[in-house]
Amino acid sequence: MGTTLTVCVLRNTMLLSHPSSPQAAQALADRLGANACFIAGGTLLQQSWGESRAAPVQTQFINIQHWPHTQQIHRQDGHVRIGAGVRLETARTHALLAEHAPLLVQAIAELGAMGVRRLGTLGGNIGWREGDCCPVLLAMDALVELADGSRHTLADVLLHPVCPLMVAFWLPIPSADARQPMVFEKVGYRAAFSPARLRMALRWSRPDKGCSIDRITAAAPGLPVHRLLAAEALLATPHDTAPTLTQIRSACLQTLPTDLSLMASRLIAGHCNLLMMN
């Protein structure tokens with residue numbers, strides 16, 4: 001499986017490769033090491049460059065936006081399979097996701113402007129590890145299909161120091177009587193075009209909600225998405241009395257800085273109808 005190399009010039013001479021398959025793309029990235037950079041929509045890349053429109057010296061881009069099976073959404077094996085190359089706006093308006101992953105549709109709708117959603121891909125948003133879609137997919141126990149065809153939990157893939165090439169995301173489709181309520185919260189500054197301070201997703205284990213939260217996920221600028229395991233354990237443990245806001249905040253402090261733990265604890269308490277009790 002070879003690659004076709006095209007020379008591109010921005011500020012420096014760089015290589016743009018077009019591997020024939022995801023396997024070839026991952027193999028090329030492994031060979032290039034730190035110089036490799038997967039590119040699809042490219043909406044996030046420039047934010048990490050020191051100089052606008054000038055990629056770091058020796059950057060070698062790997063085009064991953066030309067394989068049809070990475071740009072499709074369909075049902076398969078009791079899951080909705082979403083190709084990592086699917087444009088965000090395509091995902092937002094897709095009937096299967098509206099039916100089986102409405103929270104993902106909501107998160108995408110709150111993500112950037114139309115121009116960003118038409119260019120950006122779901123894989124790019126997840127690969128960033130801080131994007132709006134990350135807490136939702138993590139709370140949904142999404143699986144990630146890698147270049148070799150294997151599937152791994154998103155939680156495990158996010159542990160990789162260097163994110164591998166993600167080919168697709170597999171979202172489980174629960175039966176109608178086993179669906180779990182979920183919410184997505186995004187807290188931002190009042191100023192326009194500023195990044196969100198906190199993104200969270202909550203999932204309940206029971207239809208009547210209450211304090212039965214079994215997934216609490218969060219991401220913020222400089223803080224990759226992760227589960228708030230201490231807060232999950234607190235809310236999953238039976239109590240004679242409901243947890244207090246102080247207890248929830250202390251649990252959030254295990255992995256969140258003070259200001260974000262204040263926001264997160266109030267969001268959790270609010271959705272559990274605990275604010276009036278504290």
Student: Among T121, L119, L122, which one satisfies side chain to side chain contact (heavy atoms under 4.5 Å, CB included) with L88?
Tutor: L122
Student: Tell me, please, which residues at least two apart from Q106 pass side chain to side chain contact (heavy atoms under 4.5 Å, CB included).
Tutor: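 Q106 satisfies side chain to side chain contact (heavy atoms under 4.5 Å, CB included) with L103, E110, F184 only.
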Student: Quick one: do R206 and D214 make a salt bridge, cutoff under 4.0 Å?
Tutor: no
Student: Could you give the distance from CZ (R118) to CZ (R87), rounded to the nearest 0.5 Å?
Tutor: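 R118 atom CZ to R87 atom CZ measures 12.0 Å (nearest 0.5 Å).
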Student: Do the non-hydrogen side-chain atoms of I82 and L97 ever get within less than 4.5 Å of each other?
Tutor: yes
Student: Starting from the C-alpha separation in whole Å, work towards a yes-or-no answer on salt bridge (Lys or Arg N to Asp or Glu O under 4.0 Å) for R151 and D77.
Tutor: CA-CA 13 Å; R151 300 181 206 170; D77 302 333; 3.4 Å; yes
Student: Members other than W170 in its cluster, when Ile, Leu, Val, Met, Phe, Trp, Tyr link by side-chain heavy atoms under 4.5 Å?
Tutor: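 Members besides W170, by chain and number: L143.
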Student: Compare all side-chain heavy atoms of M263 with those of R197 and state whether any distance is below 4.5 angstrom.
Tutor: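 SC-SC contact between M263 and R197 confirmed.
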Student: I want to check something: taking the side chain as every heavy atom from C-beta on, are R75 and L96 in contact at a cut-off of under 4.5 Å?
Tutor: yes
Student: Do C133 and I108 come close enough that some side-chain heavy atom pair is under 4.5 Å?
Tutor: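 Side-chain contact under 4.5 Å: yes.
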Student: A side-chain contact here means heavy atoms from C-beta on lying under 4.5 Å apart; do Q26 and P164 qualify?
Tutor: yes
Student: Locate the shortest heavy-atom distance separating L235 from P243; write the atom from each residue and the value.
Tutor: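 What the structure gives for the nearest pair is CD2-CG, 4.0 Å.
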Student: Is the shortest side-chain heavy-atom distance between M200 and V183 below 4.5 Å?
Tutor: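 They are not in contact (no side-chain heavy atoms under 4.5 Å apart), so the answer is no.
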Student: Within the structure provided, determine whether S17 and F61 are in side-chain contact (heavy-atom separation under 4.5 Å).
Tutor: no
Student: Please examine the side chains of I248 and L234, heavy atoms only from C-beta on, and report whether any two atoms are closer than 4.5 Å.
Tutor: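 Heavy-atom side-chain distance check passes, below 4.5 Å.
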Student: Any ion pair linking E185 and R199 (charged N to carboxylate O, less than 4.0 Å)?
Tutor: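 A salt bridge is absent here (no side-chain N lies under 4.0 Å from a carboxylate O).
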